[in-house]
Amino acid sequence: MDGLRSNDNKQNIDRHSRAEMGSFSERTILEFEDESLVSPVSLNRKNFSIEHSSSLGGGSQKLCYGNMKNRVFHSLKVVVFSAKINFLMPFGPLAILVSSLTGHHGWVFLLSLLGIIPLAERLGYATEQLACYTGATVGGLLNATFGNATELIISIYALRRGMIRVVQQSLLGSILSNMLLVLGCAFFAGGIVVSKREQVFSKASATVNSGLLLMAVMGLLFPAVLRSTHTELHSGKSELALSRFSSGIMLVAYAAYLVFQLKSDKNLYLPVTEEDTEESLDDEDAPEISMWESIIWLFILTIWISVLSEYLVNAIEGASVAMNIPVAFISVILLPIVGNAAEHAGAIMFAMKDKLDISLGVAIGSSTQISMFGIPFCVVIGWIMGCPMDLNFQLFETATLFITVIVVAFMLQDGTSNYLKGLMLILCYLIVAASFFVHVDPASVEDKT
């Protein structure tokens, strides 16, 4: 009897253990099935992690290195080798080489001038790429700031050497170039391509910019009149004090303009030609490089422009003597054309695509920023450096700016454009260029004597 009971107990234990084993196997199968439903490759991942755990680290490192290498080559291809204008880039190193070997100021000036042109264009491109990630508000600010970075860098190097007239004339020339040459070429090209009708743009935006430009003319006019009429309270000091006070007021006005443009009344700057302009811009302006690549390229291009700007500024006076060209013509005409290369190409391209509001923002917006921010900023920087930079641009230059603002304001008052308006602005710029070619700068003559 005891033997039979022990056999029965063993059989019950075996059955119980088999049942537990079966339930466990069923649970594991169900768990694996559930896990496979959640993640179909989990079993493969487990096997892969067990079998290849030692080789995974090295493979990932190789993969990351390969991706980084590919990104670098892709970025170089897009930024350096994609634009046709980049064939001018070797002229920059060549200018440094010529300066070191011969010191011929004429050749150094020309080579530096040619070398800065593609850098200015690529700086604008990198800014546009970064604007794709930051949004319209910050992107507009970046475009306005880095679009004039070349002129400001050249101006700061000239201030360090005490070349106040070069700073004043180059900034004045940048305003004239944007308002007459860049805007004129945009109107002309857009009118030729869209010849069946007149192109339209926002009159409200143009009116605000014209008002700011007239305010800038006021800030430049009073110091010049004060000097020419000899009505200063303290000779040599009142003019400088008035310039610094007016510069502070102009900077406040520009800050208020930015707040107004970006925050208070955004509808004022909406394009009037197409309702789906923002969607079409989003489709066309897909970024080609990443945000960090854009930032790195901005840093590299700014440094390289700074290096070439130093050689350019140092060679201006020698180039004027070597090529028998007045310094005023070099400062007002040649330097701004280089600095506005990116704006020039962009404004024409957008006008040919019938997006005249963008062209107007590039040309007139850049002029507004230089007149209301760039010039007062240089006055403040000169104050910090101990350089007596003022707003007395002399009567000839101030009168030229005043007449230019009046002409452009009349061209923009009806909110339409055609190729005839563009041709008139281009011809006006040729008259200005010829005037500065035969102009003798009295301030420069006084400095030399």
Side-chain angles (χ1 to χ4, degrees), residues 120 123-124 127 131 137-159 164 166-179 182-183 205-206 208-223 242-264 269 298 302 305-306 309 331-332 335-336 339-340 342-343 347 360-385 387 389-393 397-398 401-402 404-405 408:
L123 189 68
T127 307
T137 301
V138 181
L141 230 77
L142 288 172
N143 277 318
T145 303
F146 283 98
N148 297 318
T150 305
E151 292 95 328
L152 293 177
I153 292 172
I154 293 174
S155 299
I156 291 173
Y157 274 104
L159 278 177
I164 297 176
V166 171
V167 176
Q168 293 175 335
Q169 291 172 344
S170 64
L171 292 175
L172 172 71
S174 185
I175 298 173
L176 299 176
S177 174
N178 276 300
M179 295 181 68
V182 175
L183 188 63
S205 173
V208 172
N209 282 283
S210 298
L212 286 169
L213 288 169
L214 284 172
M215 181 181 175
V217 170
M218 180 186 292
L220 301 181
L221 183 62
F222 287 121
L242 176 62
S243 298
R244 289 170 177 174
F245 176 79
S246 300
S247 297
I249 297 297
M250 292 164 70
L251 290 174
V252 171
Y254 183 72
Y257 163 70
L258 289 181
V259 174
F260 176 77
Q261 183 184 18
L262 302 177
K263 299 290 183 182
S264 300
Y269 298 91
L298 282 175
T302 303
I305 289 175
S306 301
S309 296
S331 303
V332 177
L335 292 182
N340 294 331
E343 289 96 334
L360 203 70
V362 169
I364 303 299
S366 181
S367 298
T368 302
Q369 193 199 39
I370 293 172
S371 60
M372 296 296 294
F373 173 75
I375 294 175
F377 176 77
C378 287
V379 172
V380 174
I381 292 297
W383 192 2
I384 295 173
M385 290 181 178
C387 183
M389 167 79 179
D390 55 25
L391 297 180
N392 178 18
F393 279 45
E397 287 86 346
T398 307
L401 178 62
F402 178 68
T404 299
V405 172
V408 173

**Study point:** Separation of S174 OG from I375 CD1 (nearest 0.5 Å)
**Key:** 9.0 Å
Review point. Is the closest side-chain donor-acceptor distance between Q168 and D390 under 3.5 Å?
Key: yes
Practice item. Go through I364 and N178 one step at a time and tell me if the side-chain contact (heavy atoms from CB on, under 4.5 Å) criterion holds. Key: CA-CA 7 Å; I364 303 299; N178 276 300; over 6 Å; no
Point to revise | Side-chain heavy-atom pair V379, M250 within 4.5 angstrom cut-off | key: no
Exercise for review: Please report the closest heavy-atom contact between M372 and A253, naming both atoms and the distance.
Suggested key: CE-CB, 3.6 Å
Check your understanding: When you measure from the side chain of S177 to the backbone N and O of G173, does any donor-acceptor pair fall under 3.5 Å?
Key -> no
Check your understanding: Which value, rounded to the nearest 0.5 Å, describes the distance between L220 atom CG and S246 atom OG?
Key -> 9.0 Å
Exercise for review: Have a look at P376 and tell me which of V252, L391, L251 forms a side-chain contact (heavy atoms from CB on, under 4.5 Å) with it.
Suggested key: L251
Point to revise | Any residue meeting side-chain contact (heavy atoms from CB on, under 4.5 Å) with F222, in chain and number order, not counting sequence neighbours | key: M218, L242
**Study point:** Distance in Å, C378 SG paired with L159 CG, rounded so as to fall on 0.5 Å steps
**Key:** 5.5 Å
Point to revise | Gap between atom CZ of F377 and atom CE of M389 - 0.5 Å precision | key: 11.5 Å
Practice item. Side-chain contact test, heavy atoms from C-beta onward, threshold under 4.5 Å: evaluate it for R244 versus W383 and give yes or no. Key: yes
**Study point:** Sub-4.5 Å side-chain heavy-atom contact between T404 and I175
**Key:** no
**Study point:** Any L176 side-chain heavy atom under 4.5 Å of P336 side chain
**Key:** no
Review point. Below 4.5 Å, heavy atoms only, C-beta onward: do L212 and S371 meet side chain to side chain?
Key: no
Review point. Please walk me through it: do V166 and I154 pass side-chain contact (heavy atoms from CB on, under 4.5 Å)?
Key: CA-CA 9 Å; V166 171; I154 293 174; 5.7 Å; no
Practice item. Write down the atom of Y157, the atom of S306, and the distance for their closest heavy-atom approach. Key: CE1-O, 3.3 Å
Review point. Which heavy atom in V182 sits nearest to a heavy atom in A347, and how many Å separate them?
Key: CG1-CB, 3.7 Å
Exercise for review: Quick one: closest heavy-atom pair of S155 and L171, and the distance?
Suggested key: OG-CD2, 3.7 Å
Practice item. Kindly indicate whether the side chain of N209, heavy atoms from C-beta on, has any atom under 4.5 Å from the side chain of L360. Key: no
**Study point:** Point-to-point distance, once rounded to the nearest 0.5 Å, from CD1 of I305 to CD of E151
**Key:** 9.5 Å
Review point. Can you find a heavy atom in the side chain of M385 that is under 4.5 Å from one in the side chain of I156?
Key: yes
Check your understanding: Is there side-chain contact between M215 and I249, with heavy atoms separated by less than 4.5 Å?
Key -> yes
